[in-house]
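Only one structure is covered here, and it is reproduced in the block below.
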Amino acid sequence: MNRIKKITLNIVFTIVMLELLLGGSGRLTEINSFLTLRMCLFIIYLIVVAVYLITRRKLHSSIWLIVAMFLTLMIFSAINGYLNGASFADIFNDIKPLLNIFLLMYLGYSIKTINDVAYLIKLIKISSICLIVLHFVLYYIYLKYSGIAIMYSALSSGDDLNKTMFFFKGDFGFINYTGDLYLCIGFITWEQYHKNSFLKYLILFFLMISIVLTGTRGLIFSLGVAYLIKWVFLKFNYRSIVYSILGLLLIILVFNQIKDQIGDKEESDSIRYMAISQVKEKLTPLSVFIGHGFGIGVPIRPQHMEIAYLEIFNKQGIIGILYYVTVLFIVYYLYRKCPFEQGVGFLMFVIFVYFLSGTNPYINHPLGITILSISVISLIRIAGVKDPDNIKLY
């Protein structure tokens, strides 16, 4: 019976992780207009968490701290939004994506050993290869049948941007898929957690091509920042100077190649500037600290904003920003307890998401919360190994 339970839980874990890593916004596996596979899996792993809690299974103190701070802030922001006139529907619309924080508890129960971390790394590698194939196939379809591809992309999302799975932009046919940030997570994983081999560098090459094919400046810049921090601040030596210079030249080269091909960015940038201006106009001495609450947006962005930190500040104020700063410090504290080679990749995951959230809504989105959860649990397990010299992650 115990063996059957273990196999079942392992299958559930594998499906949950692959869906999160490959499913983008979750609409790729849509059952109907409301229900998705991600929602079903969310309910399943919530039940698993509830059973473990009832049976008093222990969780690391860092997990409890993050979840407790989150729940306290969420309840406060919901009440604040209601008192400021937000509807229940708008409040729930802000809370719904954040509920993925319970994934942290699920992973805390599911990833128990260093072997589980190694298995998670394997899933990330497999997922990144699947994303490479997806982007190359979509790009081929665009080159051969550009009109059909663009039409299908538009029809698949309609007027609801939350249902957008992928779209094409620019004359070159750059491909945006909602799970594109996992290309960068895959790049870090293959680079950091795979032995040097021809296969490793071949996969890294195709991952970089796929990242460039997205035509997304934020992905390229944030990935570059993650490596710059690794080379300059976390492990500085003479090679760091060489890597930093080569990386900077590569980023400049890529930017120059794609900047005229990705279409006009003035409109999207102007929307960001307008949102900043409208948030500033609504500021009060009290809202600076506690925000306006969930469900309260600005005219140009009544719900979610492109800049994650702007939305957090508008709805949760400085205390909301401090929550994410605290999570970052917790991640760094856990990383400092790990051997560099085993821990640095997961710290880079977090650095990447935090910088990417400066222009895009990820840190307060299921995609970003998933990466934070993976990183926290993996660092906890790596730090807990008594013989760090014998850690095998690949």
Side-chain angles (χ1 to χ4, degrees), residues 121 124-125 128 131 180-194 196 200-201 203-259 262 265 269 272 306-309 321 324-363 367-368 371-372 374-376 378-379 382 393:
I121 288 173
I124 296 174
K125 289 179 180 178
S128 65
L131 288 174
D180 279 343
L181 79 167
Y182 285 116
L183 286 170
C184 298
I185 297 301
F187 186 94
I188 295 171
T189 303
W190 276 94
E191 186 274 328
Q192 188 64 38
Y193 299 114
H194 199 87
N196 292 330
K200 170 181 177 176
Y201 294 109
I203 296 297
L204 289 176
F205 172 75
F206 283 120
L207 278 169
M208 182 53 67
I209 295 297
S210 299
I211 292 169
V212 172
L213 281 178
T214 68
T216 305
R217 300 169 297 176
L219 291 180
I220 299 169
F221 174 75
S222 299
L223 184 62
V225 169
Y227 273 95
L228 183 66
I229 290 176
K230 173 191 174 182
W231 293 330
V232 176
F233 297 101
L234 301 178
K235 191 179 181 181
F236 181 79
N237 53 42
Y238 73 93
R239 286 182 297 181
S240 298
I241 300 174
V242 177
Y243 293 154
S244 299
I245 294 174
L246 290 176
L248 182 61
L249 291 175
L250 179 61
I251 290 174
I252 293 173
L253 177 64
V254 171
F255 266 85
N256 285 334
Q257 288 296 315
I258 71 172
K259 67 178 182 179
I262 57 179
K265 287 290 184 179
D269 290 341
R272 290 182 174 92
E306 282 86 351
I307 303 174
Y309 301 115
I321 298 295
Y324 290 97
V325 172
T326 303
V327 171
L328 182 60
F329 273 109
I330 291 173
V331 170
Y332 183 73
Y333 169 76
L334 293 170
Y335 155 75
R336 293 289 294 174
K337 296 173 69 176
C338 300
F340 174 82
E341 294 300 330
Q342 283 76 26
V344 70
F346 294 104
L347 178 62
M348 290 172 68
F349 288 0
V350 176
I351 292 171
F352 167 75
V353 171
Y354 268 69
F355 271 90
L356 185 61
S357 299
T359 54
N360 297 276
Y362 282 115
I363 201 172
L367 292 169
I371 294 172
L372 289 177
I374 287 172
S375 302
V376 168
S378 298
L379 289 171
I382 295 170
L393 293 179

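Side chains are part of it too, since the values below use all heavy atoms of this structure and drop only hydrogens, waters and symmetry mates.
- Separating the CG atom in Leu347 from the CD atom in Gln192 is a distance of 10.5 Å, to the nearest 0.5 Å.
- Ile307 pairs by the side chain to side chain contact (heavy atoms under 4.5 Å, CB included) definition with Arg272, Ile276, Leu310, not counting sequence neighbours.
- Considering all non-hydrogen atoms of both residues, Ile363 and Ala308 come closest at CG2-CB, 3.8 Å.
- In this structure Asp180 satisfies the side-chain hydrogen bond (donor to acceptor under 3.5 Å, both in side chains) test together with His135, sequence neighbours excluded.
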Start with the C-alpha gap between Thr189 and Ile185, add the side-chain angles, then the distance that decides, and say whether side-chain contact (heavy atoms from CB on, under 4.5 Å) holds.
CA-CA 6 Å; Thr189 303; Ile185 297 301; 4.2 Å; yes
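- Residue pairs meeting the salt bridge (Lys or Arg N to Asp or Glu O under 4.0 Å) criterion with at least one member in residues 325-334, sequence neighbours excluded, do not occur.
- For the pairing with Leu183, the side chain to side chain contact (heavy atoms under 4.5 Å, CB included) check across Thr214, Ile209, Leu223 returns one residue only, Thr214.
- Considering CG of Leu219 and OH of Tyr362, their distance stands at 6.0 Å, rounded to 0.5 Å.
- Under the rule for a side chain to side chain contact (heavy atoms under 4.5 Å, CB included), the partners of Ser128 that lie at least two apart in sequence or sit in another chain are Trp190, Leu207.
- Looking at residues two or more places apart in sequence or on another chain, you find a ring pair (Phe, Tyr, Trp, His ring centres under 6.0 Å) between Phe349 and Phe346.
- When Ile371, Leu367, Leu328 are each tested for a side chain to side chain contact (heavy atoms under 4.5 Å, CB included) with Val353, only one passes: Ile371.
- Remark: Tyr324 pairs with no residue by the ring pair (Phe, Tyr, Trp, His ring centres under 6.0 Å) rule, at least two apart or across chains.
- Without hydrogens or angle criteria, Ser378 side chain to Ser375 main chain gives no donor-acceptor distance under 3.5 Å.
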Please report the C-alpha distance between Thr216 and Ile220 in whole Å, then the side-chain angles of each, then the deciding distance to 0.1 Å, and finally whether the side-chain contact (heavy atoms from CB on, under 4.5 Å) criterion is met.
CA-CA 7 Å; Thr216 305; Ile220 299 169; over 6 Å; no
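- The heavy-atom pair separating Met208 from Phe187 by the smallest distance is CE-CE1, 3.8 Å.
- The stretch residues 339-359 participates, sequence neighbours left out, in these salt bridge (Lys or Arg N to Asp or Glu O under 4.0 Å) pairs: Lys235-Glu341.
- Partners of Tyr332 by ring pair (Phe, Tyr, Trp, His ring centres under 6.0 Å), not counting sequence neighbours, listed by chain and number: Tyr335.
- Atom CG of residue Asn360 and atom CG of residue Leu181 lie 9.5 Å apart, to the nearest 0.5 angstrom.
- Side-chain N or O atoms of Tyr182 include none that pairs as donor or acceptor with a backbone N or O of Ile124 at under 3.5 Å.
- Other residues, nucleotides and ligands contribute at most 12 non-hydrogen atoms within 6.0 Å of the OH atom of Tyr333.
- Interatomic distance, CE of Met348 versus CD of Glu191, reported as 6.0 Å (0.5 Å rounding).
- The two atoms that bring Leu379 and Gly343 nearest to each other are CD2-O, 3.6 Å, heavy atoms only.
- Listed by chain and number, the residues in a side chain to side chain contact (heavy atoms under 4.5 Å, CB included) with Ser222 are Phe352, Phe355, Leu356 (sequence neighbours excluded).
- Using a 4.5 Å heavy-atom threshold, the side chains of Tyr354 and Val327 count as touching.
- Listed by first and then second residue, the salt bridge (Lys or Arg N to Asp or Glu O under 4.0 Å) pairs that reach into residues 348-363 come to none, sequence neighbours excluded.
- By the side chain to side chain contact (heavy atoms under 4.5 Å, CB included) test, Lys200 pairs with His194, Asn196, Ser197, Leu204, sequence neighbours left out.
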